[in-house]
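To start, the structure itself, in structure tokens.
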Amino acid sequence: MSDLVLSEIAGGVLTLTFNRPERLNAWTDALGTRYFDLLTQAEADPAVRVIVVTGAGRGFCAGADFETLTALQEGTLTGSTETRATTFPTTIGKPIIAAVNGACAGLGMVHALLCDLVFTAAEAKWTTAFSRRGLIAEYGLAWVLPKLIGQGRALDLLLSGRTFTGEEAAGLGLALRAVPGSSLTEVAGAYARDLAAHSSPTSMAVIKRQVWGDWELSLDSSRTNAERLMAASFGRADFAEGVASFLQKRPPEFPPFTG
């Protein structure tokens, strides 16, 4: 099971790699459990400041494994013991960056968009796929997509189930950048290392919580919440270090995020 998601850390950046390349990293319960376990460990590890998620081989994640779908259809699928919700990555207090290197379909697209930022290979193939399998918008995608790209574009992708490229994904707003696949790891990694080196881990954790949590708040409620959080930030060592490093023209030395 440890081989289902590979883990490597360097320079404050943890890279997690879905590792079922022979199946385009199709999702299974075991892969999901391993991924979530590694995210849990990363949150508790002060050496990890940013997380990058990608796939081995030609795919990021081609959706639910067809053996799982067949078992569902036949009523032979045994119950999963995983209790963490599919949206679990949004609760992790460290930035998660998806580096979509190839096929990103169905449940794989859900997991890409549950990361905080997305970089994609321009030639990667994306699709929601659900309507073409007789399924519906799964696991909160009907909530996430319209907020990212608007209702009309979200409905286009969900109703048609059409395949589109990473270049179009970036144009729609699903990805921050689309780059040639040969440079994806370098570009996403450089961005992650910059965050790890220059951004306060605590600030990033609070900002992530604000962005995911404030979507359902009114403007006034979001402002009030921000005022409370800003007052708390003034008393942290991160604020003193942020100002000092700026004035002294040196890289910051922020303490780890402690939850």
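Side-chain atoms are counted along with the backbone in the values below, which use heavy atoms only and exclude waters and symmetry mates. When a residue number appears, it is its place in the shown sequence, counting from 1.
- For the pair A169 and W126, the tightest heavy-atom approach, listed with the atom from each and the gap, is CB-CE2, 3.8 Å.
- What you find for A26 and A64 is that their closest heavy atoms are CB-C, 4.3 Å.
- Ion pairing of R162 with D156 is present here, as a side-chain N (NZ or NE/NH1/NH2) and a carboxylate O approach within less than 4.0 Å.
- Looking only at distances, a side-chain donor or acceptor of S131 sits under 3.5 Å from a matching main-chain atom of L159.
- In the hydrophobic cluster analysis, where Ile, Leu, Val, Met, Phe, Trp and Tyr join through side-chain heavy atoms closer than 4.5 angstrom, L114 is grouped together with W215.
- In this structure, L172 and L148 have side chains that are not in contact, with every pair of non-hydrogen atoms separated by 4.5 Å or more.
- For the pair M204/F257, no side-chain contact is recorded, criterion being any heavy-atom separation below 4.5 Å from C-beta on.
- Every residue two or more places apart in sequence or in another chain was checked for a salt bridge (charged side-chain N to carboxylate O under 4.0 Å, His left out) with R153, and none qualifies.
- Note on L176 and F60: separate hydrophobic clusters, where clusters join Ile, Leu, Val, Met, Phe, Trp and Tyr whose side-chain heavy atoms are under 4.5 Å apart, directly or indirectly.
- The number of heavy-atom neighbours closer than 6.0 Å to CD of E22, taken from other residues, nucleotides and ligands shown, is above 12.
- Every salt bridge (charged side-chain N to carboxylate O under 4.0 Å, His left out) that K208 has, sequence neighbours left out, goes to D116.
- Partners of F246 by ring pair (Phe, Tyr, Trp, His ring centres under 6.0 Å), not counting sequence neighbours: none found.
- The hydrophobic cluster containing F88 does not contain V52, counting ILVMFWY residues as joined when their side-chain heavy atoms lie under 4.5 angstrom apart, directly or transitively.
- Atom CD of Q151 has 12 or fewer heavy atoms from other residues, nucleotides or ligands within 6.0 Å.
- Expressed to the nearest 0.5 Å, how far CG of L174 lies from CG of L113 amounts to 5.5 Å.
- When every heavy atom of S203 is checked against every heavy atom of S200, the shortest pair comes out as N-OG, 3.0 Å.
- In terms of modelled atom types and a separation under 3.5 Å, the side chain of R49 and the main chain of P201 share no donor-acceptor contact.
- Put simply, CD1 on I96 and CG on L117 are 10.5 Å apart, with the number rounded to the nearest 0.5 Å.
- Here the side chain of T17 pairs no donor or acceptor atom with the backbone of N19 at under 3.5 angstrom.
- A distance-only check finds a donor-acceptor pair linking the side chain of R132 to the backbone of S160 [under 3.5 Å].
- Of all non-hydrogen atoms in A62 and R23, the two that sit nearest each other are CB-O, 4.4 Å.
- Remark: side-chain polar atoms of N25 are paired, donor with acceptor, to backbone N or O of A56 under 3.5 angstrom.
- Put simply, the side chain of D238 never gets that close to the backbone of F254: no donor and acceptor are under 3.5 Å apart.
- The distance from atom OG1 of T40 to atom CD1 of I92, rounded to the nearest 0.5 Å, is 5.0 Å.
- A donor atom on one side chain and an acceptor atom on the other are not found under 3.5 Å apart for W212 and T87.
- A salt bridge is defined here as a Lys NZ or Arg NE, NH1 or NH2 lying under 4.0 Å from an Asp or Glu carboxylate O, and R133 with E138 fails to meet this definition.
- Counting heavy atoms from C-beta outward, D45 and L14 have side chains that stay 4.5 Å or more apart.
- Residues Y35 and W27 form a side-chain contact, since some pair of their non-hydrogen atoms from C-beta on lies under 4.5 Å apart.
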Which atom pairs, donor and acceptor, lie under 3.5 Å between side-chain atoms of residues 178-197 and protein residues at least two apart or in another chain?
unit_1	atom_1	unit_2	atom_2	d
S183	OG	P180	O	3.1
R193	NH1	G189	O	3.4
D194	OD1	H198	ND1	3.0

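- There is a path of hydrophobic side-chain contacts, each under 4.5 Å, that joins L107 to F18.
- Nearest heavy-atom pair across G166 and T120 is O-CG2, 3.4 Å.
- Looking only at side-chain heavy atoms (C-beta outward), H111 and V53 stay at 4.5 Å or farther from each other.
- Applying the salt bridge (charged side-chain N to carboxylate O under 4.0 Å, His left out) criterion to R250, with sequence neighbours excluded, gives E241.
- Residues forming a salt bridge (charged side-chain N to carboxylate O under 4.0 Å, His left out) with E216 (at least two apart in sequence, or on another chain): K147.
- Side-chain atoms of T54 and N101 include a donor-acceptor pair closer than 3.5 Å.
- Counting heavy-atom neighbours within 6.0 Å of R84 CZ, excluding the residue itself, gives a total above 12.
- Residue-environment remark: CZ (R177) stays at or below the threshold of 12 foreign heavy atoms within 6.0 Å.
- One distance of note links CZ of R20 with CG of L4; it measures 7.0 Å at 0.5 Å rounding.
- In terms of modelled atom types and a separation under 3.5 Å, the side chain of T33 and the main chain of A30 share no donor-acceptor contact.
- Looking at heavy atoms from C-beta onward, F164 lies in side-chain contact with L157 at the 4.5 angstrom threshold.
- Residues P89 and L39 meet the side-chain proximity criterion, which asks for heavy atoms closer than 4.5 Å.
- If you chain together hydrophobic residues whose side chains sit under 4.5 Å apart, V118 and V50 never meet in one group.
- With respect to the salt-bridge test (charged N to carboxylate O, under 4.0 angstrom), the residues R223 and D220 qualify.
- We find the CG-CG distance between D65 and L24 to be 10.5 Å, quoted to the nearest 0.5 Å.
- Remark: side-chain polar atoms of E167 are not paired, donor with acceptor, to backbone N or O of A122 under 3.5 angstrom.
- Looking only at side-chain heavy atoms (C-beta outward), S233 and F239 stay at 4.5 Å or farther from each other.
- Across all non-hydrogen atoms, the minimal contact from A129 to G106 is CB-N, 4.4 Å.
- In this structure, CD1 on I97 lies 9.5 Å from OG1 on T15, to the nearest 0.5 angstrom.
- At distances below 3.5 Å, not a single donor-acceptor pair connects side-chain atoms of S222 with backbone N or O atoms of L219.
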